[in-house]
Structure formats: structure tokens, C-alpha cells
Amino acid sequence: MRIGIFGGTFNPPHKGHKNLALEIKEKARLDRIYIIPTFTPPHKEGKELASGEHRIKMCEMMFTEDFFTVSDMEINRQGKSYTYDTLLELKKTNAEDELFLIIGSDMLLSFHTWFRYKDILSMVTLCVATREDKVDYKELLTYSQNTLGLAEDRIIIADIEPYECSSTDVRKQLSLGFDAAFMTGTEIFDYVRLNLLYESPFMEYKRLLREKLDDYRFLHSLNVAESAAALACMYGADEEKAYFAGLLHDIMKNENDEEMLKCIGKGGIILSRTEKFNPKLWHAIAGECYLRTELGIADKEILSSVRYHTTGKADMTLFEKIIYVADYISAERNYPDVGTMRYLSAEKGLDEACLYSLQYTLKNLSAKETVIHPDSLAFYNDLIIKMKQ
Ligand code: ATP
């Protein structure tokens, strides 16, 4: 069999890795590819380097086709992950097979610095794919012949359409609080976020939310934070503050009724008759109280945007509308009208989006014969008067 060996940090794996592996599989007519994440020294785990166990799991999510085998051999071997040692190990189990070492073009140009590179080259055919548009095919060939002394039939240089992204790019996106799913796919992106694998804004609050919220609600909160920051950027509000308010808006959502009422009492709020009747309204009120009494947050805009994110109210400010709308358009939402809501919020303005969502909500509430909070009606009337005048 023709076996490809693709090692890397995979911190995290991304579509560039997958693209490289698939292209080389075709070009080199490989039967199987071993994906081999390198060992992480325990002292390097944390902020920037996810543990071996996490990286193995993410590789299994990325390399799902049955011709891939994700191997933990380097992670189990510990110590420095030398490709030479890995090949010796593979030679034992795959004595009859022809081995192909898959690398990106950036790695080729420093190949002569690899531990026992000549021995490596005696065991494998090198498979290289260009990583960036500007890479010069001729330069790669000259290097492989002159510096590595490789005959032409010992190297395959695949001139593929490069997928320009790196794990560094993914981590950078995360550190800014941006969406990185377009580089990793949604499953890995969510895994990274659920396990708090890399640094991103407001980590200490995310750790708290991770304890207080279930997986769905936690991801929803992150998505609302991202949508809120994007809307703030679009409409000229404070992006960081919008991210923060979006992040915390549902902080009490998974608490039981008793806890919510306790928190509301501590916050000095007396529930109205309508509010008492409908416990679904409590988490926003309790959320504002929690932020104020437990987290010591005093920013009025943040507090009121959390307080009114479910009902709205008359005279909503720009910031309050941003959190209100962000909650309706967050990335995981998939209700039938979400496309319209996203379009309105980006193209027609926040008032149009608020009105549309209110119409949707008011219709649903009356169909279910449940109470409608007077603040929502006030919000609705306010928008109609403002927009039709
Ligand atoms: P980092 O940004 O953290 O340095 P990386 O994205 O370069 O990580 P690695 O896991 O270090 O990823 O790379 C493993 C192998 O995959 C290397 O041989 C590298 O050249 C190759 N590679 C990584 N990204 C791409 C890409 N976008 N296109 C082609 N090859 C890639």
C-alpha cells in the first residue's frame, strides 16, 4: 500500500490541512494517510497549545474519511516528536508499504535542519504542496535537488490551489472574538469554544458562564456576543462593550426559578403581575440583578440591555437595540425568518429589524394565549409611531 504520513501540531486543525491531505492523496495516489499530531510538553499546554487529547479529538473531527487514520503515536511516545523516530516505528508495522511524507512548502525549505533528515529521505518520498500563491515551484525543485540532493522521482511537488490559512490565523481570529468557523468548520470551532482552548476576550467571564450554562446556551452566548460586536461596528457603538453585554445577557438562563427569584429579590426588584405570571421573563431581570449585585458591573447601558433583551421597552437606546437584535440573529439561530432578520439588521436598520422580530414574537405569544409584557407593547407602539410619522 501507498501510505501518506502527515504530521503537524494541528493546533487546531483547519481546512488548509485537509486541502493539503486530499490534494496529495490524489497526486501521489495514496491508499491511506496517517494524521499524526505532535506531542505537547505539559508545560506548553494552555493559552496557545491545546493538549494532545484535544488535538487528537479535533483531528478526528476534521479527517473523517475512512482513508484517514488519526494516530496518537507521537503523543503517547512523549518527548520530542522527531519524524525520524515516527518513521522507524511505522516501518515496523508497515514493512511492506511505501511511505510518503506530506509537508507544506514552508516546511520543505528548512528540511535540511530536521533531525536525521538524510535518513528520513531514505525512507520516504517527499510530498510537498504549495501553501501560498507566491511560492515559486522552481525554487522548491532547486532546493530539493541542490540542498537535499533528492532525485526527481523522490519528491512530488503538487502545484495545488493553495488554501491560505494557518492555525495561527485561527487562534488570532479567536483572540479577537471573531468567527473562525470558515477556517475550521463549525464542529471544531464549537469544540474549541466549549473547551476554552485558546485565549479570547473576557476569558474569566467565559469560565464563569461555562459553569453556569449548558453547552447550547454557552455557545449561544458567544454567538450573541459576536453578533452584537458586529452590529456595534456597523452602527457606530462600542464594540467591546457590545461583545461583553451580548456574552452575559443570558447568564441566569439555566438557573431554576427559586434561584432567579432569590437573585431578583437581592437586586431589589419587585416583579409586576405580568412578570410573576410568566417565569420565562425572569432570566433577563435576574441577569441584570446578578451583574449588578454579584459581578459589580455598574455600566448602565450594559445593565439595561441585559434587563430588556427579552421584552424591549419604550425608547430603547441604540445599545439596547443592538443586544436585542443580536439575540435574534446569532449564528446558531435557524428559525424560519432568521434570514430576513439578518437581512433587515444589516441592510434596513435596527428599527426595521426590531419591528419585524416584535411582530414575530407578539404573534407567537398571542397564539399561545400567554401574557404579553406591557414593555413589549410599548416598544412596538414606539417603533410604529416613529417609523410611520
Ligand atoms: P501554526 O500556524 O500554528 O504554525 P500551521 O497552520 O502551520 O500551524 P501545522 O500543524 O504546524 O499548521 O502544520 C502541519 C503541516 O501542514 C505542515 O507541513 C504545514 O506546512 C502544512 N500546512 C499547514 N497549513 C497549510 C495550508 N494552509 N496549506 C498547505 N499546507 C499547510
Side-chain angles (χ1 to χ4, degrees), residues 4-28 30 33-41 44-52 54-63 68 70-75 80-84 86-87 99-115 117 120-121 124-137 139-140 143-144 148 155-176 180 182-185 188-189 192 197-199:
I5 296 141
F6 186 19
T9 321
F10 300 112
N11 185 43
H14 53 73
K15 291 180 183 176
H17 292 130
K18 180 79 174 271
N19 184 53
L20 171 68
L22 291 179
E23 292 278 356
I24 296 280
K25 179 176 185 296
E26 285 308 304
K27 293 267 168 12
L30 302 179
I33 297 179
Y34 286 106
I35 306 294
I36 312 181
T38 53
F39 172 64
T40 317
K44 278 197 171 175
E45 280 177 27
K47 267 190 182 177
E48 281 299 294
L49 199 49
S51 71
H54 282 311
R55 287 179 295 118
I56 289 274
K57 285 214 177 98
M58 291 190 282
C59 283
E60 284 167 351
M61 291 172 189
M62 177 60 77
F63 299 98
F68 286 120
V70 177
S71 161
D72 57 6
M73 63 192 286
E74 289 193 357
I75 291 189
K80 280 211 162 152
S81 294
Y82 288 121
T83 302
Y84 173 73
T86 303
L87 290 173
L99 302 183
F100 296 78
L101 185 64
I102 303 173
I103 57 173
S105 49
D106 56 318
M107 305 294 273
L108 176 69
L109 294 173
S110 60
F111 201 82
H112 62 284
T113 64
W114 287 31
F115 176 62
Y117 78 95
I120 295 177
L121 293 175
V124 300
T125 301
L126 266 192
C127 297
V128 185
T130 45
R131 216 180 145 164
E132 293 166 52
D133 259 336
K134 55 182 184 294
V135 171
D136 183 352
Y137 178 82
E139 187 194 347
L140 298 179
Y143 168 86
S144 69
L148 300 181
I155 181 162
I156 298 170
I157 301 180
D159 197 7
I160 64 171
E161 183 70 37
Y163 192 96
E164 290 198 30
C165 99
S166 67
S167 302
T168 306
D169 294 338
V170 176
R171 297 195 303 272
K172 178 99 190 287
Q173 283 285 108
L174 286 160
S175 75
L176 296 170
F182 66 98
M183 290 188 271
T184 60
I188 292 178
F189 183 51
V192 162
L197 291 190
Y198 307 109
E199 264 319 287

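Every value quoted in this text rests on a predicted model; they were computed, and no experiment measured them. Whatever order the structure lists ligands and atoms in, that order sets their numbers, starting from 1.
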Problem set entry | Under the salt bridge (charged side-chain N to carboxylate O under 4.0 Å, His left out) test, residues paired with Lys27 that sit two or more places apart |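 Here the qualifying residues are Glu23.
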
Exercise. Can you list the residues that meet the salt bridge (charged side-chain N to carboxylate O under 4.0 Å, His left out) rule with Asp169, with sequence neighbours excluded?
Worked result: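 In terms of salt bridge (charged side-chain N to carboxylate O under 4.0 Å, His left out), with neighbours along the sequence ignored, Asp169 is linked to no residue.
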
Exercise. Taking atom CG of Leu121 and atom CG of Leu148, what is their separation to the nearest 0.5 Å?
Worked result: 6.0 Å

Problem set entry | For Ser81, side-chain contact (heavy atoms from CB on, under 4.5 Å) partners two or more places apart | Thr38, Phe39, Glu74

For this session: Kindly tell me which protein residues have any non-hydrogen atom under 4.0 angstrom away from an atom of ligand 1, grouped by chain and ordered by number?
Result: Phe6, Gly7, Gly8, Thr9, Phe10, His14, Gly16, His17, Leu20, Ile103, Gly104, Asp106, Met107, Arg131, Tyr163, Cys165, Ser166, Ser167, Thr168, Arg171

Seminar exercise, completed: Tightest non-hydrogen contact, residues Lys15 and Phe182, listed as NZ-O, 3.3 Å

Problem set entry | Parallel, tilted or perpendicular: rings of Tyr82 and Phe115 (30°, 60°) | tilted

